[in-house]
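Here the structure is laid out as structure tokens; the discussion comes afterwards.
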Number of protein chains: 2
Amino acid sequence: MSVEIWGDKWTLLIIRDLMFVGKKTYGDLLASEEGIATNILADRLKMLTENGIVEQTQTAGTRSGSAYKLTQKGIDLLPIMAEIYLWSDAHLDISDDLRRRIQSIKDDKAGFIADTARELSKGDG
Amino acid sequence: MSVEIWGDKWTLLIIRDLMFVGKKTYGDLLASEEGIATNILADRLKMLTENGIVEQTQTAGTRSGSAYKLTQKGIDLLPIMAEIYLWSDAHLDISDDLRRRIQSIKDDKAGFIADTARELSKGDG
DNA sequence: CTGTATCCTTAGGGATACTG
DNA sequence: CAGTATCCCTAAGGATACAG
């Protein structure tokens, strides 16, 4: 039951950041609000890459594949994340800001997922 | 982002067992395929209870509230679990048996969720 | 900036004995 | 059967120095 992904705090936060927060680089992810350690971040990115959920952008020529992005398999996690947010909205004490952003999921879940997925797929190869 | 729940392997498995496997008692849960330790199980059940996701059935008079069940808040996790299963079906190497059971979610997700929720709510007080 | 390597500490958790 | 209490040990992970 994909416990590797759902049984780890940091993995979840990385996916969130790549999916919704627009983070792309190692440095972006490192600067997460929660303060992940460098070795942990590297370890999780490796695991996610090995599992085909994340990949490094190869802009062929650009030195260092510093950018990460979700693969289609990773993008397919969107419905799960959306449901997690909806549940959080209903049952958790969250910030007004987050609640406002969740409103767009409530307004049109399918649309939100489709739009976000399209955005994440930009420039896929 | 409810990292308590989604960042812990055992918590996820307990919810799964209560939600889909029909387990109710401490002993049932203890006998999980994955082999949870007694102290860990007790700890997680306590955490889930404190978070209002699980409650002990009080059959008023029956000694020892040995049965656990999901609260409404816990039942509301159903859409998330359903999406996790759908994702697993699409992207993971799972058993034929599990795939067969997921088929019923694919056939009618809303119906599956409604039916399961109703089943879990039986005898709520 | 993107990682890798090491060190060191703590907490998670397996095993198991024990209690109501 | 339903938990609690201990013990012990490994592994997760924070801090940080180092490397490409």
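Here is how names work: the chains are called A, B, and so on, in the same order as the sequence lines, proteins then strands, and each is numbered from 1. Just so it is clear, the structure is predicted and the values come from calculations on it, not from any experiment. No hydrogens, no waters, no symmetry mates; every other heavy atom, side chains included, goes into these values.
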In whole angstrom, give the distance that lies between atom NZ of B/Lys46 and atom C1' of D/dT4.
11 Å
Contacts of type salt bridge (Lys or Arg N to Asp or Glu O under 4.0 Å), residue A/Asp28, not counting sequence neighbours:
none
Contact letters for nucleotides 14-20 of chain C, in which S counts primed atoms plus P, OP1 and OP2 and B counts the base, heavy atoms under 4.0 Å:
BBB----
Separation of atom CG in A/Asp8 from atom P in C/dA11, rounded to whole Å:
18 Å
Inter-axis angle, terminal five-pair segments of the helix from C/dC1-D/dG20 to C/dG20-D/dC1 [nearest 10°]:
40°
For B/Leu41 and D/dG3, what is the distance between atoms CG and P respectively, to the nearest whole Å?
8 Å
What residues, two or more places apart in sequence or in another chain, satisfy ring-ring contact (aromatic ring centres under 6.0 Å, His included) together with A/Trp87?
A/His91
Could you pull out all residues at least two apart from A/Asp8 that satisfy salt bridge (Lys or Arg N to Asp or Glu O under 4.0 Å)?
A/Arg44
On the 0 to 90° scale, with breaks at 30° and 60°, tag the A/Phe112-A/Phe20 ring pair as parallel, tilted or perpendicular.
parallel
What pairs meet the ring-ring contact (aromatic ring centres under 6.0 Å, His included) rule with one or both residues in residues 36-55 of chain A, with sequence neighbours excluded?
none
Separation of D/dT4 atom P from B/Asp43 atom CG, nearest Å, is 10 Å
salt_bridge(B/Asp97, B/Arg100) N-O dist < 4.0 Å
yes
Testing the basics here: between B/Ile113 and B/Leu78, what is the closest heavy-atom pair and its distance to 0.1 Å?
O-CD1, 3.7 Å
Under 4.0 angstrom between A/Tyr68 side-chain N/O and C/dG3 OP1 or OP2
yes
Expressed in angstrom and rounded to an integer, what is the separation of A/Leu29 atom CG from C/dT2 atom C1'?
12 Å
salt_bridge(B/Arg118, B/Asp115) N-O dist < 4.0 Å:
yes
Closer than 4.0 Å, any side-chain N/O of A/Thr25 to the OP1 or OP2 of C/dC1?
no
If you compare every side-chain N and O of A/Ser66 against the phosphate oxygens of C/dG3 (OP1, OP2), does one of them come in below 4.0 Å?
no
In whole Å, I'd like the distance from the CE atom of B/Met47 to the P atom of C/dA11.
17 Å
Measure CZ/A/Arg44 against P/C/dT4 and give the value in whole Å, please.
14 Å
Identify the two heavy atoms, one from A/Ile75 and one from A/Met19, that lie closest to each other, and give their separation to 0.1 Å.
O-CE, 4.3 Å
What is the separation between atom CD on B/Gln56 and atom P on D/dC1, rounded to the nearest whole Å?
16 Å
